Amino acid sequence: MLTNEFIASAASTALGRTVDWEEALALAHHQPAARAVIDASGQALGRLIALAANLSLQSHMILAGEGMALFELVGETVSDTILQHRDPLASAVTLHVDDSGFGAWARGAAVVAIQSSLRRLDLR
């Protein structure tokens with residue numbers, strides 16, 4: 001429910017015509033059928049974040065990547081859904097949103113991979 005392809009397909013079905021991801025997001029501002037698809041994806045994101053936070057015992061989550069335009073539309077829905085699904089005994093989840101795009105996300109992933117590789121080397 002969170003991939004660009006799924007959102008475009010679901011919006012196309014709801015609207016009765018083919019739309020791409022960007023158009024689905026744009027239509028969500030004034031088209032109820034597209035908005036329902038986008039809101040459902042926001043709820044799915046909120047549930048995913050709450051589940052990950054509950055399982056990992058984390059209270060800080062970072063959102064980044066190429067699909068951040070979705071979060072701009074459903075940030076409140078995501079936050080409300082996290083509250084609904086977060087363990088009531090756990091601390092609140094703080095979202096850190098990095099909307100700098102795919103390049104920054106890819107650099108961060110590369111750093112993690114390099115750090116992991118360097119830890120395996122015997123540098124003595």
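Just so we're clear, the structure is a prediction, and the values are computed from it rather than from any experiment.
- Of the possible polar contacts, one joining the Ser41 side chain to the Met1 backbone as a donor-acceptor pair under 3.5 Å is found.
- Here salt bridge (Lys or Arg N to Asp or Glu O under 4.0 Å) pairs that include residues 73-82, with residues two or more places apart or in two chains, number zero.
- Contact detail for Val93 and Arg86: the closest heavy-atom pair is CG2-NE, 3.4 Å.
- Met68 and Leu2 fall within a single hydrophobic cluster, where Ile, Leu, Val, Met, Phe, Trp and Tyr side chains are chained together by heavy-atom contacts under 4.5 Å.
- Looking at heavy atoms from C-beta onward, Leu25 lies in side-chain contact with Trp21 at the 4.5 angstrom threshold.
- Closest approach of Ile38 to Ala28, counting heavy atoms only: CG1-CB, 3.5 Å.
- Counting heavy atoms of neighbouring residues, nucleotides and ligands inside a 6.0 Å radius, atom CD1 of Ile62 does not exceed 12 of them.
- The backbone N or O of Val112 lies less than 3.5 Å from no partner atom in the side chain of Ser116, so there is not a single donor-acceptor pair.
- Put simply, the side chain of Ser12 gets close to the backbone of Val19: a donor and an acceptor are under 3.5 Å apart.
- Listed for the Ser9 side chain is no donor-acceptor partner under 3.5 Å among the backbone atoms of Glu5.
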Next on the checklist: Before you tell me yes or no, could you show the steps for Arg35 and Leu73 under side-chain contact (heavy atoms from CB on, under 4.5 Å), namely the whole-Å CA-CA distance, both residues' side-chain angles and the distance that decides it to 0.1 Å?
Outcome noted: CA-CA 9 Å; Arg35 185 66 203 202; Leu73 288 173; 4.1 Å; yes
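- Heavy-atom minimum distance, Ala24 versus Ala34: O-CB, 4.0 Å.
- The shortest heavy-atom contact between Asp87 and Leu89 is OD1-N, 2.8 Å.
- Rounding to the nearest 0.5 Å gives a distance of 10.5 Å between NE2 of His60 and CG of Leu95.
- Taking hydrophobic clusters as Ile, Leu, Val, Met, Phe, Trp and Tyr residues chained together by side-chain heavy-atom distances below 4.5 Å, Val97 shares a cluster with Leu48.
- Atom CD of Gln84 sits about 7.5 Å away from atom CD of Gln43, to the nearest 0.5 Å.
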Next on the checklist: If you apply the rule side-chain contact (heavy atoms from CB on, under 4.5 Å), what do you find for His96 with Asp98, and how did you get there?
Outcome noted: CA-CA 7 Å; His96 303 277; Asp98 177 359; over 6 Å; no
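- Criterion: ILVMFWY side-chain heavy atoms under 4.5 Å apart, direct or through other members. Under it, Val37 and Leu27 are not part of a common hydrophobic cluster.
- Here the CG atom belonging to Leu45 is positioned 6.0 Å from the CG atom belonging to Leu63, to the nearest 0.5 angstrom.
- Heavy atoms only, all atoms of each residue included: Leu15 and Ala33 are closest at CD2-CB, 4.0 Å.
- At a threshold of 4.5 Å between non-hydrogen side-chain atoms, the residues His85 and Leu51 do not count as touching.
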